[in-house]
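Structure record follows, encoded as structure tokens.
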Protein chains: 2
Amino acid sequence: MGATKTEHFTDKQNQIAIIAKALGHPARIAIIEYLLKVNECICGDIVNELPLAQPTVSQHLKELKNAGLIKGNIEGNAICYCINEETFDILKGYFSNIISVTKTQKCC
Amino acid sequence: MGATKTEHFTDKQNQIAIIAKALGHPARIAIIEYLLKVNECICGDIVNELPLAQPTVSQHLKELKNAGLIKGNIEGNAICYCINEETFDILKGYFSNIISVTKTQKCC
DNA sequence: TTTTAATATTGCAATATTACGATAATAATT
DNA sequence: AATTATTATCGTAATATTGCAATATTAAAA
């Protein structure tokens, strides 16, 4: 025991959870906000911006990329990172739907 | 090492991360979707719905409540749970802003 | 081709999460 | 008062995450 019972939930539930989980760390939120500010940048820029070591930043970037929240394009020996709008659209749509349903409900 | 460096990030970044983290598990997404379907319910209903033991469900409800995603009202010896729209509004607003900014950007 | 620059990966310690059996707490019911 | 119903808490094992030093990888530059 201890491992998440992924197989008992729907693909959609797992998809939303994976994306949300990737955003569930302040460093990764800070990376997203930094990308939003500078449009695009390389890993080293983020290392200079955040109070974290290079391997740690690299790991956070990997998780954001795996969840589809950012894109990384190789440019010479560096990698250019930027936000992947599509995945944020999925989230926005998901939460918009939740809000529209709750508007018709009355809470206990 | 091992602990998140919360103090190095802004309150807003930590707030969004805490909410996202609470949604970062398929069981908690399933609980939200069930509440959305039935409007309100008690813990035992969720235990019957999900393939998880009662203490596990109780723990997940606690995390959702701590993050402000659900509300729990005592009704006799049971507790009536329902979605807390306000917190989802925060998320929707946050992601809407991200999307509107990225629309003006060009990715690498 | 050696050096430099930029990232990724490995390995590991510290910490956090997940899940559940056992048990406690609380309030209604008998 | 004893029983029942409902939920929370405790304790613990299994697993996952976080962070970083050391090292590897890759491609440009000297």
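Note on naming: letters A, B, ... go to the chains in the order of the sequence lines (proteins, then strands), and numbering restarts at 1 for each one. The structure displayed is predicted, hence computed values, not measured ones.
For the pair B:Leu23 and A:Ile19, the minimum side-chain heavy-atom distance is 4.5 Å or more.
Within a heavy-atom distance below 4.0 Å of DNA chain D, the residues of residues 70-77 of chain A found are A:Gly76, A:Asn77. Taking every heavy atom of residues 8-44 of chain B and every atom of DNA chain D, pairs under 4.0 Å involve B:Ile42, B:Cys43, B:Gly44, by number. Residues from residues 51-66 of chain A with heavy atoms under 4.0 angstrom of DNA chain D, sorted by number: A:Leu52, A:Ala53, A:Pro55, A:Thr56, A:Gln59, A:His60, A:Glu63.
A donor-acceptor contact shorter than 3.5 Å is absent between the side chain of B:Asn84 and the backbone of B:Leu69. In this structure a side-chain-to-backbone donor-acceptor pair under 3.5 Å is missing from B:Thr102 to A:Glu85. Judged by distance alone, the side chain of A:Asn48 and the main-chain N or O of A:Asp45 form no donor-acceptor pair under 3.5 Å. A:Ser96 contributes a side-chain N or O that, together with a main-chain N or O of A:Lys92, makes up a donor-acceptor pair within less than 3.5 Å.
Listed by first and then second residue, the ring pair (Phe, Tyr, Trp, His ring centres under 6.0 Å) pairs involving residues 16-69 of chain A are A:His25-A:His60 (not counting sequence neighbours). For residues 50-71 of chain A, the salt bridge (charged side-chain N to carboxylate O under 4.0 Å, His left out) pairs, not counting sequence neighbours, are A:Arg28-A:Glu63.
In this structure, the nucleotide among C:dT15, D:dT18, C:dT7 sitting nearest to the side chain of B:Thr4 is D:dT18.
More than 12 heavy atoms of other residues, nucleotides or ligands sit less than 6.0 Å from atom CD of B:Gln105.
Residues satisfying the disulfide (SG to SG under 2.5 Å) test with B:Cys82, not counting sequence neighbours, are A:Cys107.
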Going through the distances and angles, do A:Ile98 and B:Leu36 end up as a side-chain contact (heavy atoms from CB on, under 4.5 Å)?
-> CA-CA 7 Å; A:Ile98 287 180; B:Leu36 214 62; 3.9 Å; yes

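Distances shorter than 4.0 Å separate some side-chain N or O of B:Tyr81 from OP1 or OP2 on D:dA8.
The CG atom of A:Leu50 sits 14 Å away from the P atom of D:dT18 (whole-angstrom rounding).
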